[in-house]
Protein chains: 2
Amino acid sequence: MEMTLIGLRLLREVAERGTFTAAADALGYTQSAVSRQIAALEQAAGSRLFDRYPGGVRLTGPGRALLRHAVVALDALEAADRELSGAKEAGRGRVRLGFFPAAGAVMIPRTLATLRREHPRLHVATREGTTPSLARALRAGTLDLALLSSRPPHRSPDTDDPPLSVEPLLEGRLLVAVPADGPFGERGSVDVDEIAAAPWIAGPGSPDEPVLGVWPGLPGRPEVRHTARDWLTKLHLVAAGAGITTIAPTLLPAVPAGVRLVPVEGVAEEIRRISLVRLPGPLGEPTRTLVQAVRQVAADLGQLPGCEG
Amino acid sequence: MEMTLIGLRLLREVAERGTFTAAADALGYTQSAVSRQIAALEQAAGSRLFDRYPGGVRLTGPGRALLRHAVVALDALEAADRELSGAKEAGRGRVRLGFFPAAGAVMIPRTLATLRREHPRLHVATREGTTPSLARALRAGTLDLALLSSRPPHRSPDTDDPPLSVEPLLEGRLLVAVPADGPFGERGSVDVDEIAAAPWIAGPGSPDEPVLGVWPGLPGRPEVRHTARDWLTKLHLVAAGAGITTIAPTLLPAVPAGVRLVPVEGVAEEIRRISLVRLPGPLGEPTRTLVQAVRQVAADLGQLPGCEG
DNA sequence: GGTGGGCATGCGGAATCCTCATGGAGGCTC
DNA sequence: GAGCCTCCATGAGGATTCCGCATGCCCACC
């Protein structure tokens, strides 16, 4: 039996997605093909690479070992492709950053602007994702660094071994985005009783996650009148008076006219912490440069009301 | 089009052998299969990887570029195989050394003994070969270091770019191995006229190389009475009085009873230089350790008569 | 207990890959 | 300079592999 490039790519993708089906969709195969390919790879490797659970699969020890080498091999071939495609190797100045959705409007653009100014030769690739998907991507070697958001008690992003390295950057109180010309906007704050009855604009919501966008722990059944994943959509819905939504203070610089961010009174603060997460171990020079830039951006944002560096 | 592991392995093997046919034989394929696989790889890469010449093929620029990455990928997968086969990663203490045949009896065993004593955890793999094959192996990333022999004017082992790094270790006069109890052996030296008529024991000889084992530039047509590649065979043939052969002084410690090494009088000295050759660039720690050991062994051998460190 | 997400597997068809054989091009010998 | 040898390219045929479709099974959740 013999390992295959397709098998190794699938190994990485399955490790990253956590599911044969998702990996198949991502790479344009059927679930059946993935199942066979992984089975073949397991036979070639001589050991089971994934433990199968009802909800998906998880890497075994040998699976992690093979993945570590597979990532090196696949990266080398991708580098070969880039080089042969004419793109000169820019001195290995490549780093891949993942981020949670709310970081995309302010933190990521500012970081990229800083880097373009101070390290113009550094090539940064970014990707949005959920906490579990980004954590898996870090483990799969598809990302070098991830910007994640967490709520107390700030558990580690995953439970695998070895634990990910987590560096807290800043914390902020969760706020509510309200129309500037509405009754809330003019007061500068809202009471928890007022928002309980207000129409909400929430994210699409998924089975295992709590609904994002609605203030957590509200009494009764809050009405979700609109759902949207996109922040620009949500904020302009707010500006149009269609409803309100929760928001982190770090998004303040990107809020369009007609929207105000206000704190909620009469209830315990909701704290959100933004952290820089990576695999433990030494990091390359491009990654270190990126870490510095993200820290600097975070420090600047720490000056905003409701934030703490 | 898509690259294949088989294609990459073939790329490396062809680069190392210099010929589709030889690579095919080495890997158990047909020449036809190799030709197609390389053609497919060239299509996948988008550029010609080898220049075809009547005597074989040579890497193009893109070919070298792809090979550089392919070696990384293949090494990673071979490391994965080793790790999955139970062999624990011995702290990356692996180094591969190539050597010219006459180094196999003394220099290589001494080097390994030294290393086993002083660095027992270092894993050294060695391989015998001709100068061109070892040079190609260095370029193909299959060897980390090579011990090569050269004669004046000591040209570089190959003409590729970038030039190989060559560190001369020691030089020695070419000697002649004669029976200890024969007429030559008792005198301690021989004259060029005497050996011209003697029966010689030579190597098998190949079309493009001069015959090894016969004193170069002898007048007339020396008689090659026996041919053998193996040094133990050759030396015992000498001891049996079947003929004489040329030999480097570094082999002295391995010469069996009944054989003497004597210089040739009446003709210009034939100098052989032994060098340590590697790819330019930084070398890993295991390789550095091996370099030190080889230098030490060479320095010891430099004390032999006819040798100079 | 029904339902749904997720993995495994039998089956058929298509694409791939390898071998055998032949052809062409260029050097080397005599 | 003719013949020969080595080396690479390519057409044809056959066996293998690989993928997709469909189905079955298992487990968690409601």
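So you know, we letter chains A, B, ... as the sequences are listed, proteins then strands, and number each from 1.
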Nearest listed nucleotide, side chain of B/Ala33, among D/dG20, C/dC7, C/dC18: C/dC18

Rounded to the nearest Å, what distance is computed from the [atom1] atom of residue [X] to the [atom2] atom of nucleotide [N]?
{"X": "B/Ile38", "N": "C/dC18", "atom1": "CD1", "atom2": "P", "result": "11 Å"}
{"X": "B/Leu27", "N": "C/dC17", "atom1": "CG", "atom2": "C1'", "result": "15 Å"}
{"X": "A/Glu2", "N": "C/dC18", "atom1": "CD", "atom2": "P", "result": "12 Å"}
{"X": "B/Arg52", "N": "C/dG24", "atom1": "CZ", "atom2": "C1'", "result": "15 Å"}
{"X": "B/Asp51", "N": "D/dC7", "atom1": "CG", "atom2": "P", "result": "18 Å"}
{"X": "A/Gln37", "N": "C/dA8", "atom1": "CD", "atom2": "C1'", "result": "15 Å"}
{"X": "B/Gln31", "N": "C/dG23", "atom1": "CD", "atom2": "C1'", "result": "12 Å"}
{"X": "B/Tyr29", "N": "D/dA15", "atom1": "OH", "atom2": "P", "result": "19 Å"}

Of B/Arg127, B/Arg136, B/Glu16, the residue whose pairing with B/Thr142 passes side chain to side chain donor-acceptor pair (under 3.5 Å): B/Glu16

Electrostatic pair A/Arg58-A/Asp51, nearest N-O below 4.0 angstrom: no

Just to be sure I understand the rule, does [X] reach a base, reach only the sugar-phosphate, or reach nothing, if contact means heavy atoms closer than 4.0 Å?
{"X": "A/Gly7", "result": "nothing"}
{"X": "B/Gly18", "result": "nothing"}
{"X": "A/Thr19", "result": "sugar-phosphate"}

base_contact_polar (D/dG11 base, B/Arg36 side chain, donor-acceptor, <3.5 Å): yes

Base of D/dC21 paired with side chain of A/Thr30 (donor-acceptor, under 3.5 Å): no

Any A/Ser32 side-chain N or O less than 4.0 Å from OP1/OP2 of C/dC7: no

Distance below 4.0 Å between B/Thr21 side-chain N/O and D/dC8 OP1 or OP2: yes

5′-ward residue of the pair A/Val57/B/Thr4 relative to DNA chain C: A/Val57

A/Arg96 side chain vs A/Gly141 backbone, donor-acceptor pair below 3.5 Å: yes

Side chain to side chain contact (heavy atoms under 4.5 Å, CB included) partner of B/Leu143, the single match among B/Val277, B/Leu134, B/Thr126: B/Leu134

Side chains of B/Ser32 and B/Ser35, donor plus acceptor under 3.5 Å: no

